[in-house]
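Whatever order the structure lists ligands and atoms in, that order sets their numbers, starting from 1. No experiment lies behind these values; they were computed from the predicted model shown.
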Amino acid sequence: METRYIFVTGGVVSSLGKGIISSSIARLLLSRGFNVTIQKFDPYINIDPGTLNPYEHGECYVTVDGHEADLDLGHYERFTNIKTTRANNITTGRVYQSVIDKERRGDYLGKTVQIIPHITDEIKRNVKLLGSTGKYDFVITEIGGTVGDIESLPFLEAVRQLKWEMGNRCACVHLTYVPFIRAAKELKTKPTQHSVKQLQQAGIQPDVLVLRTEQIIPPAMCRKVALFCNVSPDAVVQSVDAPTIYEVPLMMHEQGLDKIILDKTNTPYQGEPDLAKWNKFLDHMRGAKESVKIGLVGKYVELQDAYKSIDESLLQACTYHDHKLDLRYIGAERLTDGNVEEQLRDLDGVIVAPGFGQRGTEGKYVALKWCREHDMPTFGICLGMQCMVIEFARNVLGMHEANSIEMDPHTPYNVIDLMEEQKSITNMGGTMRLGAYACHLREGSKVAKAYGKLDIEERHRHRFEFNDDFRAQFEAAGMQCVGENPGTKLVEVVELPDKKWYIGTQYHPEYSSTVLSPHPLFMDFIRAAIENKNTK
Ligand code: GLN
C-alpha cells in the first residue's frame with residue numbers, strides 16, 4: 001500500500017494533548033494491523049531539546065539511537081511499542097542547519113536560498129523520509145506549537161504543499177479547545193472556528209476536528225462546528241478529560257476516529273481493531289483498589305512533566321500489580337536529617353531521580369542514608385544511582401568529602417568521575433553518553449533476577465561514571481557492582497544485596513517501559529514496595 005500521511009495540528013492554546021491524540025491514532029491503526037510510524041516536528045530553533053531545562057520543555061526523552069528528543073516521543077513509544085529514532089523528531093534548528101550546510105557545500109550554487117522553497121522543501125523531505133523506506137502504511141506527523149505562531153508557518157506551508165501533491169493520501173487532524181465558561185454555564189465554539197479559519201488562511205482545510213473539552217459537547221454543537229468549519233459532521237469528535245491518558249484511544253475509537261481517518265485517506269480496511277491487550281491493561285487499572293505509596297525525590301517537585309517517563313513507568317508497573325499509584329513528589333532541596341523521617345516514613349518505596357547540577361543533591365544523600373538504614377525499597381536512576389554511590393562512600397566507607405566531580409571538581413574522593421573521552425568535550429549539545437548500550441548483569445544478583453536474563457540493553461544520558469578505582473572498596477563493604485558494559489567495563493548497576501531492594505542504575509529504564517510491555521525493573525521495584533507495605 002502507498003504510504004498515507006496524517007498531520008496533527010493544534011489550535012487555540014497549547015498543552016491540549018496533541019501528543020496523546022497522535023499516539024492514540026497510531027495505537028488504533030496499529031491495532032488494525034497497519035504498519036505505522038509517528039514523528040514530531042518542533043518549531044523551535046534548538047537543534048534538539050537536550051539543552052532545554054525541564055522548566056522550558058518538561059522531560060528530555062532519549063531514543064535508542066541516542067537522540068535527545070521531545071517528551072511526546074515517550075508517549076509515542078508507550079502507546080505503540082515503536083522504537084523511535086532521531087528521524088522521528090525534527091526541529092526548526094535541524095532543518096536550518098541542514099539547509100545552511102547544503103548552502104555552504106555549494107548545493108544551491110547561484111540560487112538565493114529562501115524559506116520557500118528551500119526550508120519548506122527540507123521540511124517536506126523530512127516528512128517523507130520515513131515513508132520513503134517503504135516500511136510504513138502510515139506516517140503520522142505531529143506539528144508542535146499552535147496554528148498562528150509565526151514559527152509554525154513554514155511547517156504549515158509544507159503541510160499545505162504535501163496535501164496538494166498527495167491528495168487523499170493525506171489527512172489533517174486539527175485539535176482545538178472548546179472552553180466552558182463557568183459564569184455563563186456555556187461551552188464556546190468560537191475559538192475553534194477562529195483556529196480553523198487561521199488554518200484555512202494557511203491553505204489547509206482540516207479533514208478531522210478533535211475538540212478538547214472538560215464537559216461533554218452536545219451533538220448539535222458538534223454539528224454546528226462541522227457546518228462552520230467545512231468538515232463533515234461525522235469527522236468532528238470530542239476528547240473529554242479522561243481519568244487516564246490511556247483511555248483516550250478507546251474514546252477516539254468509540255467515536256469512529258480510526259474509521260474516519262481510513263476513509264479520508266482512501267484506505268481499504270475490514271473489521272475492528274484488536275484492542276484486547278489494551279483493554280486488559282485498563283481493566284487492571286479500573287479494578288485496582290489498594291494503592292502503593294512511592295516517593296520521588298527530585299528537585300522539580302512542582303513540574304508535572306519533569307519526570308514524565310518515570311511517572312508513567314511506575315503507573316504501568318502498579319497497574320499490572322493491580323494497585324493504584326500514590327505518587328508523592330519530595331523536594332530534595334528541603335530534606336534534612338531533621339525532617340527526613342516524617343517525609344519518608346509512610347512510603348512503601350522511594351525513587352531518587354535523575355538530574356544535573358548541585359541543587360538538591362545534599363537532600364538526596366539525606367534521603368538515601370535514611371532509606372539504606374531503614375531498609376526502604378529504593379531505586380536510584382542515573383544521578384540517583386550516582387548519589388547512592390556517593391552516600392555509601394561518605395557514610396559507610398568514611399570518605400566524608402566523596403563527591404561527583406560534576407558537583408566538586410576538587411574532591412579527594414572522586415567516586416563519580418568524568419570519562420576520559422568526555423574530558424576534551426567543550427560543546428554541551430548532544431555530547432553526553434547517549435542512547436542504548438549493552439550491559440551484562442551478574443548472575444544471582446537481584447537485578448538479574450528482576451530482568452530474568454543476564455544480557456540487556458538500556459538507554460543512557462549522562463556524562464559522569466562510577467570511578468573504577470574505587471570498585472574493590474565498595475564491593476568489600478557490601479555495595480556490589482552487578483551490571484557492567486561488556487566492552488568498556490563501565491559500572492552500570494549497583495546494589496546492596498542484603499537489603500529488600502536497593503538498586504541504582506546508571507541508565508534510564510524509564511525510557512523503555514510501555515503500556516503493553518512494562519519494564520521488568522519497575523515491575524520488580526513495585527513488587528518489593530507492595531511486599532514492604534504488606535509486611536510493615
Ligand atoms: N548529571 C549526571 C551526569 O551527567 C547524571 C545525569 C542524569 O541523571 N541523567 O552524569
Side-chain angles (χ1 to χ4, degrees), residues 48-64 66-69 71 73-74 296-300 303 305-311 313 332-333 350-365 367-368 378-391 393 402-409 411 414-437 439 458-468 470 483-485 488 490-494 503-513 521:
D48 60 46
T51 50
L52 295 174
N53 82 38
Y55 288 110
E56 295 281 319
H57 214 66
E59 167 192 274
C60 177
Y61 188 73
V62 178
T63 60
V64 275
H67 176 66
E68 299 180 276
L71 63 76
L73 271 78
L296 176 61
V297 180
K299 64 178 167 182
Y300 299 112
L303 271 185
D305 278 348
Y307 306 113
K308 192 81 206 156
S309 294
I310 295 180
D311 299 356
S313 305
E333 268 173 292
V350 167
I351 291 224
V352 181
F356 295 83
Q358 167 72 31
R359 187 162 77 84
T361 47
E362 293 300 325
K364 287 183 174 174
Y365 306 136
L368 285 165
T378 308
F379 193 174
I381 300 180
C382 207
L383 179 64
M385 171 271 198
Q386 297 176 353
C387 289
M388 278 180 162
V389 170
I390 295 164
E391 187 279 321
N403 218 325
S404 161
I405 69 154
E406 178 181 7
M407 318 306 165
D408 176 6
T411 169
N414 51 339
V415 290
I416 302 294
D417 199 7
L418 201 55
M419 276 186 298
E420 210 41 53
E421 54 268 42
Q422 283 282 341
K423 290 188 179 155
S424 55
I425 288 174
T426 49
N427 268 4
M428 295 292 276
T431 54
M432 280 187 262
R433 184 172 172 222
L434 290 166
Y437 285 88
C439 173
E458 293 282 6
R459 301 181 211 185
H460 291 247
R461 180 176 187 246
H462 56 103
R463 237 179 258 289
F464 299 88
E465 304 281 350
F466 182 95
N467 184 345
D468 210 50
F470 294 93
E484 63 175 29
N485 180 294
T488 58
L490 286 168
V491 172
E492 313 285 38
V493 189
V494 294
I503 298 177
T505 62
Q506 183 59 82
Y507 52 77
H508 292 263
E510 73 273 22
Y511 293 144
S512 47
S513 186
L521 214 42

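A distance-only check finds no donor-acceptor pair linking the side chain of Lys364 to the backbone of Glu391 [under 3.5 Å].
Looking only at protein heavy atoms, the nearest one to atom 4 (O) of ligand 1 is Arg463 N, 2.9 Å. Closest to atom 5 (C) of ligand 1 among all protein heavy atoms lies Gly355 O, 3.3 Å. Protein heavy atom at the shortest distance from atom 7 (C) of ligand 1 is Cys382 SG, 3.0 Å. Summary of contacts: the protein heavy atom closest to atom 10 (O) of ligand 1 is Phe464 N, 2.8 Å. For atom 9 (N) of ligand 1, the closest non-hydrogen atom on the protein side is Arg461 O, 2.9 Å. The protein heavy atom nearest to atom 2 (C) of ligand 1 is Glu406 OE1, 3.2 Å.
Some N or O of Leu383 is nearer than 3.5 Å to an N or O of ligand 1, by distance alone. Considering backbone and side-chain atoms alike, Met432 places every N or O at 3.5 Å or more from each N or O of ligand 1. Among the atoms of Gln506, none of the N or O lies under 3.5 angstrom from an N or O of ligand 1.
The ligand atoms of ligand 1 that sit less than 4.0 angstrom from a heavy atom of His462 are 3 (C), 4 (O), 6 (C), 10 (O). Every atom of ligand 1 with a heavy atom of His508 under 4.0 Å away is listed here by number and element: 9 (N).
By the 4.0 Å N-to-carboxylate-O rule, Glu333 lies too far from Lys299 to be salt-bridged with it. Salt-bridge annotation for Arg461 and Glu68: present, with a side-chain N of the basic residue lying under 4.0 Å from a carboxylate O of the acidic one.
Residues Leu490 and Gln506 fail the side-chain proximity criterion, which asks for heavy atoms closer than 4.5 Å.
For Gln386, the heavy-atom gap to ligand 1 drops under 4.0 angstrom.
Tyr511 approaches Cys60 most closely through the heavy-atom pair OH-O, 2.9 Å. The two residues Tyr437 and His460 make their nearest non-hydrogen contact at CD1-CD2, 3.8 Å. Gly380 approaches Met388 most closely through the heavy-atom pair N-CE, 3.4 Å.
Checking Ser309 against Glu59 by side-chain atom types alone, a donor-acceptor pair falls below 3.5 Å.
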